[in-house]
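For the single chain, residues carry numbers from 1 onward in sequence order.
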Amino acid sequence: MTELITAELVDLTLSAGTKDAAVRALAARMAAAGRVSDLDAFLVDVADREAQMPTGLEGGIGIPHCRSAHVSEPTLAFGRSAEGVDFGAPDGPADLIFLIAAPAGGDKDHLGILSTLARRLMDPAFTRALRDERDPQAAAALIRGDEPPAETPPEPPAKTPAAPDADAEGASPDTPFRVVAVTSCPTGIAHTYLAAESLERAGRDAGVEVVVETQGSAGFNRLDPALIAAADGVIFAHDVEVRERARFAGKPTVDVGVKAGINRPAELIAEVRALAERGETSQAAEAEADPDEADPDEGGGTGRGEGFGTRLRRYLMSGVSYMVPFVAAGGLLIALSFAIGGHEIANAPSVADHFVWTEGDSWAALLNQIGGAAFGFLVPVLAGYIAFGMADRPGLVPGFVGGAIAVTIEAGFLGGLVAGLLSGAVVMAIQRARIPTALRGIMPVLVIPLIGSAAVGFLMFVVVGEPLAALQRALTDWLDGLSGSNAVVLGIVLGAMMCFDLGGPLNKVAYAFAVGGLAEAGEGNLKVMAAVMAAGMVPPLAMALATVVRGGLFTRTERENGKAAWVLGASFITEGAIPFAAADPLRVIPSAMAGGALTGALSMGFDATLRAPHGGIFVVPLIGAPFLYLLAIAAGTVLSTALVILLKSHRAVPDAPGTTRPAPVERAPADAPADTGTAAHTGTEAATAADTAAPAR
C-alpha cells in the first residue's frame, strides 16, 4: 500500500494568502506525485465540499478535503503557513493545513488511516510537534505515525464500560455518568472522527464515560446494545442522518451538528447530564417507548426541539434526493432520443420487437424506452424514500406500494408525496403499539410490511386517490396552459425562491417542485424546470462577474472565490455564491434575487423547456429555445452584477482625496480576530445544515 504522505507532499513554508491558493498549492503537489489526474477538476470538487461547510477548526487547523473521481489513491498533503490562511474557523486563520483527498471509491483501510489522522489532530502534542518540525521527511513520518511526537503526556487507560446488571434499576453511586454518541459528516472523512475524538477527550476530562460510534466513509461498527442500554444519555453530532437511530430510544438526547461536537464537547456533555437529571427524553424516544421495538427508526428520530416544519422538509427532501438520479438518467436519455429521432420517437414500437442496428431511429427509440423505464420509478421511489425518512426500512415496502398505486390511478407526483407521508405515518403508528415479545422478531419482515401495505393501499385506492388524481390533472393542465403574464409571474416567483437562500430550504422547495413535474407529461412542466435551473445559475455567475468588473469592491479572498464561482454557476451549483452572501447578505441576496427573478420570468416568457434536472450549460443542446434561454441567464446575471456593484459602491469609504476604497480590508492583522471568516463560517453553516438529505447541486 502506497504511503499516505511523503516528503514531496509536505510544504513547511507554504506561501498563500487565501484558502483557494493554499489548496491549489497542495493539490499541485498531489498532481506532481501522480495521485491527482485532473488538477482543475479536483479543485472544483474541493470547492464544492468547502461550500457545504467551512473546514477550519479552532486551534489554527484547516482540513480541506473531498472525495473525487480524479484521485487515484487516498492521499494527504500538508502545508505550514507562517502568515495563516482563513478557512472559516471562529478563532482565526490556520497555520497547519491538511489537504485530504480520497478517491470516489476509497477503500476501508486507507480511510481508516485518514480517520486516525483526524483524531490525532485533537492532540496538542501532535500539533505542537508539527509546528516545530523543520524537516519535511520527519514531518511526513510524524503525520504517518512512524514516530510519536515528543513529550506526549500519557493518557489514562480507557475504561471499558460494563454492561448493566440485569436486575439493576439504576447506576450505583460509584458508577460514572455514561454517554454514547454518534458522529457523522457529509463526506465521512475528517469531521466525523474529529468530533469523536473531541467528545472522548472532554469525557475523560469530566470523568464521564463516552463511547462513540463514527458513521464515516469507512462504514461503521455498531455500538454494543449493552453499552447503549447502560448509557445515561446520548449525543448526536451529525450533518447527515443518523443510521439506525431508534437503537437509542428512551434516552436523554442532545442533537447538534458535527462542528458542535468538535468545538464545544464539554457543553454537550453538560447539557445531556442536565437532561438526564430532569428526566427529559427526545421526541424519538417518546414516539418509541420500548427500545427493543421493531426495526430502527432512523428518520423518525427528530432531535430535541425540532419543529414539525423542519421534520416535514427533511422527510420530503429524503424522497427527492433518492428520486433525482432517476430523473437525471431518464430525463437525459429521453432528451437525447428526441435530439436523435424527433418527438415522434415516443410512439415507436418496442425495441424488444423491432430493432435495426443500422437505423438511427432504432437507437433513438432504445434511448427513449430506457429513459421511460427509469421515469417509471420516479413516483414509487419518491414515496418509498419519504416513508424511509420517517420510519427507516420498515417504511420502504408500504411507501413503494403506495407510490406504485399513485402511478396506477394517475395521481402523479402529488400522489407520491401523499403516499410517502401516509406510509411513514402508518408504520410509525404500528411501531408505537405494544407488541407481545413473541411477535417482535417478525414485525419488520412480515407484520409491518403486510399491515402497512394493506392500510396504505386502502387509503390510496379508496379514500384519497381520486381527489389527488383530479388535483394532479388540474395542476398539469394549468402548467400546460400557462402563457403570457401568468407564466412570467410563476417564473418570477420560482426565480426569486432559487436565489433567496442559495441552496437552502426555499431553494430546495422550488427545485423539488420542478423536478417532480418532470415525472408528468406536458410542456408546462418542462418550462418550469428550465426556469428553475436558469435562475439557479445566476447568483454565482453574477458574483464572479462582479469580482472582475469591480474587483476593488471585494476582498482578495472573495476575488479568489469568484474564479471558482464561474465554474460553479455554469454547472448549476447555486451554493457557489454562499461565501459572498455570508460576508455581505444585505447587498448580495437582494441583488441575486432580482437577477434570478428576471431570468425566471424571461425563461418562462421565451417558452424555454428542459427535461434534464441538472447540468447547467452542459445540457444546452437539450434545451428548447437555447439561444433565448442563454439570453435570459445573461440578462439576470448582468442585473445582479449591476445591483451588487451599486450597493457595494455606496459602502465605499474615502481613502484619500479623490479616491475611494471598499470598507473591507484585504487581510486582517495576524493578531486581529477573523471577522470575515467567522461570518462566512456562520452563514455557510446555517445555509447548509438542513440540506444534507437533499441532492447536491
Side-chain angles (χ1 to χ4, degrees), residues 58 90-91 122 156 158-159 161-165 168-185 191-192 194-215 223-239 241-242 244-291 297-298 300-308 310-311 314 682 685-686 689-690:
E58 291 184 358
D91 64 342
M122 307 308 295
K159 298 179 181 179
D165 294 335
E169 289 296 323
S172 68
D174 296 331
T175 302
F177 191 83
R178 293 167 171 162
V179 173
V180 290
V182 175
T183 61
S184 65
C185 65
H191 289 80
T192 298
L194 288 166
E197 181 66 14
S198 183
L199 286 168
E200 289 172 353
R201 286 179 176 271
R204 286 194 293 268
D205 293 342
V208 174
E209 290 183 353
V210 178
V211 184
V212 184
E213 175 180 289
T214 52
Q215 297 184 356
L223 289 172
D224 189 328
L227 292 178
I228 299 175
D232 301 300
V234 178
I235 296 174
F236 293 142
H238 64 115
D239 286 335
E241 198 62 52
V242 174
E244 302 183 5
R245 185 168 186 151
R247 293 173 294 155
F248 306 92
K251 303 287 183 182
T253 302
V254 171
D255 194 334
V256 294
V258 69
K259 277 220 165 182
I262 298 172
N263 296 331
R264 50 187 188 90
E267 294 179 26
L268 301 184
I269 292 173
E271 185 176 350
V272 78
R273 294 191 75 158
L275 289 176
E277 291 172 0
R278 295 194 298 267
E280 296 184 20
T281 58
S282 66
Q283 293 178 3
E286 294 164 3
E288 228 178 276
D290 190 338
D297 179 10
E298 173 183 326
T302 64
R304 190 172 60 88
E306 192 175 57
F308 173 76
T310 301
R311 297 199 305 274
R314 179 158 50 83
T682 304
E685 191 168 25

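Residues Ala237 and Gly261 come closest through the heavy atom pair CB-CA, 4.1 Å. A pairwise comparison of heavy atoms in Asp224 and Ala226 identifies OD1-N, 2.8 Å as the closest pair. Residue Pro176 comes nearest to Gly207 through the heavy atom pair CB-O, 3.8 Å, listed as atom of the first residue, atom of the second, then distance.
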Please test Glu200 against Val212 for side chain to side chain contact (heavy atoms under 4.5 Å, CB included), starting from the C-alpha separation and ending with a verdict. CA-CA 7 Å; Glu200 289 172 353; Val212 184; 3.8 Å; yes
What's the verdict on side chain to side chain contact (heavy atoms under 4.5 Å, CB included) for Val180 and Lys251, showing C-alpha distance, side-chain angles and the deciding distance? CA-CA 10 Å; Val180 290; Lys251 303 287 183 182; over 6 Å; no
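The side chain to side chain contact (heavy atoms under 4.5 Å, CB included) check on Ile228 picks up Leu223, Arg247, Phe248, with sequence neighbours excluded. By the side chain to side chain contact (heavy atoms under 4.5 Å, CB included) test, Asp205 is found to be paired with no residue, residues two or more places apart in sequence or in another chain being considered. Legend: residues meeting side chain to side chain contact (heavy atoms under 4.5 Å, CB included) with Ala276, ordered by chain and number and at least two apart, are Phe177, Pro252. Residues meeting the salt bridge (Lys or Arg N to Asp or Glu O under 4.0 Å) test with Glu267, sequence neighbours left out: Arg264.
For the side-chain contact (heavy atoms from CB on, under 4.5 Å) with His238, the lone residue among Val258, Asp255, Val256, Thr192 that qualifies is Asp255. Each of Val211, Val272, Leu268, Asp232 was evaluated against Val179; a single residue qualifies, Val272, per the side-chain contact (heavy atoms from CB on, under 4.5 Å) test.
Side-chain contact between Ile269 and Ile235: present, with at least one pair of heavy atoms (C-beta onward) separated by less than 4.5 Å.
Atoms CG and CZ, from Leu199 and Arg204 in turn, are 11.0 Å apart once rounded to the nearest 0.5 Å.
Remark: the backbone N or O of Val234 is not paired with any side-chain donor or acceptor of Thr253 at under 3.5 angstrom.
In summary, Arg201 and Glu197 engage in a salt bridge, as defined by a charged side-chain N under 4.0 Å from a carboxylate O.
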